[in-house]
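Here is the structure we will look at, set down as structure tokens.
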Amino acid sequence: MPELPEVETVKEKLKPRLINKQIIDVSVYWPNVIANIPVAEFENNLKNQVFIDIKRRGKWLVFELTDYHLLVHLRMEGKFFFKSRTDEKNKHEHVIFRFEDIELRFHDVRKFGKMYLLGKDDLSTAKPLSELGLEPDDDNLTVDYLKDKYKRKNLSIKEALLDQRIITGIGNIYADEILFLSKINPYRKAKDLNSRELKSIIDNTRSVLKQAIIKGGTTIRSYVSLDNKKGEFQNYLLVHGKANLPCSVCGTPIIKEFIGGRGTYYCATCQNKKR
DNA sequence: CCAGCAGCCTGTGCGC
DNA sequence: TGCGCACAGGCTGCTG
């Protein structure tokens with residue numbers, strides 16, 4: 001499901017409702033969600049913890065608690081809902097955080113989502129955040145940085161944009177949009193791109209993600225931020241999901257093909273150079 | 001080190 | 001209607 005704009009939206013919506021709330025009790029119903037410690041330990045450690053802040057790193061939600069950091073990755077379908085204690089448990093709700101007045105439930109149809117419970121100090125050096133590349137808005141994200149990261153890789157630029165160790169936060173939808181706006185063919189080798197093209201990718205990454213955040217993310221099939229709120233950016237997509245529809249710039253039908261196993265949409269005329 | 005591919009899961013939409 | 005297959009905003013772990 002979510003890429004950077006969707007996770008950012010979830011974070012902002014959770015914040016006002018979660019900060020300063022104290023956990024009474026946690027129940028895990030699908031143990032594989034908890035990635036780094038036994039479920040019993042996860043449940044016990046979270047008792048009485050207070051939510052101090054919520055941040056985002058790449059596609060990870062980072063909940064700062066009294067004594068821990070709780071990291072949550074929504075993967076394809078993970079969602080949070082606030083529900084009343086008396087609401088019946090949905091079969092896709094795998095973790096329930098209970099507060100005095102309400103419950104926060106983690107809902108994940110495909111069970112791909114992951115949670116880590118870590119100590120307070122070792123965040124940036126410990127898995128899973130230690131391997132992540134630069135945030136798109138980081139000033140260190142430059143043409144030279146990308147040149148250096150791409151030079152040894154024999155990857156297409158589409159695959160390279162999805163590599164979270166280089167830039168973090170871009171997923172399949174926004175990678176297609178970024179390449180369309182940059183007029184770069186998704187099959188081009190990342191290492192073959194020139195400075196002007198890399199600059200264009202950086203600029204368009206920033207502008208697309210920023211616009212998507214303003215619109216509350218993109219809902220194509222299942223994404224909702226909180227309490228079933230959909231995004232609006234799907235109304236502004238230019239190529240992703242537009243197979244056979246005319247390109248908004250030149251009218252050529254948009255092509256869908258698989259690159260690196262992921263459905264990839266592009267305009268063969270506007271993104272023409274294929275090397 | 002790398003590329004490629006199965007695996008993790010369930011649901012939906014399509015063609016027959 | 002039903003059945004089977006392909007595919008879905010992601011990432012890990014295995015193989016060669």
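For the numbers below, each heavy atom of this structure counts, side chains included, while hydrogens, waters and symmetry mates do not. Below, chains carry the letters A, B, ... as their sequence lines are ordered, and counting in each starts from 1.
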Taking only side-chain N and O atoms of [X], does any of them lie within less than 4.0 angstrom of OP1 or OP2 on [N]?
X        : N      : result
A/Lys256 : C/dA8  : yes
A/His94  : B/dC9  : no
A/Asn32  : B/dC9  : yes
A/His73  : C/dC11 : yes
A/Gln164 : C/dC11 : yes
A/Lys111 : B/dT10 : yes

Exercise. Among B/dA3, B/dC9, C/dC11, find the nucleotide with the atom closest to the side chain of A/Arg75.
Key: C/dC11

Quiz item: Closest to the A/Phe258 side chain: C/dA8, C/dC11, B/dC9?
Solution: C/dA8

Quiz prompt | Which nucleotides of DNA chain C pair, in dot-bracket form (Watson-Crick or G-U under 3.5 Å, | meaning another strand) | solution = .|||||||.|||||||

Quiz item: Less than 4.0 Å between a side-chain N and a carboxylate O, is that true for A/Asp101 and A/Arg85?
Solution: no

Quiz item: Does A/Glu159 pair with A/Arg262 as a salt bridge, N-O distance under 4.0 Å?
Solution: no

How would you label the contact of [X] with the nucleic acid (heavy atoms, under 4.0 Å): base, sugar-phosphate, or nothing?
X        : answer
A/Phe233 : nothing
A/Lys114 : nothing
A/Lys127 : nothing
A/Leu155 : sugar-phosphate
A/Trp60  : nothing

Quiz item: Should A/Ile23 and A/Ile19 be regarded as members of a common hydrophobic cluster, given that ILVMFWY residues are connected when their side-chain heavy atoms come within less than 4.5 Å of each other, either directly or indirectly?
Solution: yes

Quiz item: Any chance the side chains of A/Glu232 and A/Asn235 put a donor and an acceptor closer than 3.5 Å?
Solution: yes

Quiz item: On a whole-Å scale, what distance lies between the P atoms belonging to C/dG4 and B/dC9?
Solution: 23 Å

Quiz item: Starting at NZ of A/Lys59 and ending at P of C/dC11, how long is that distance when rounded to a whole Å?
Solution: 4 Å

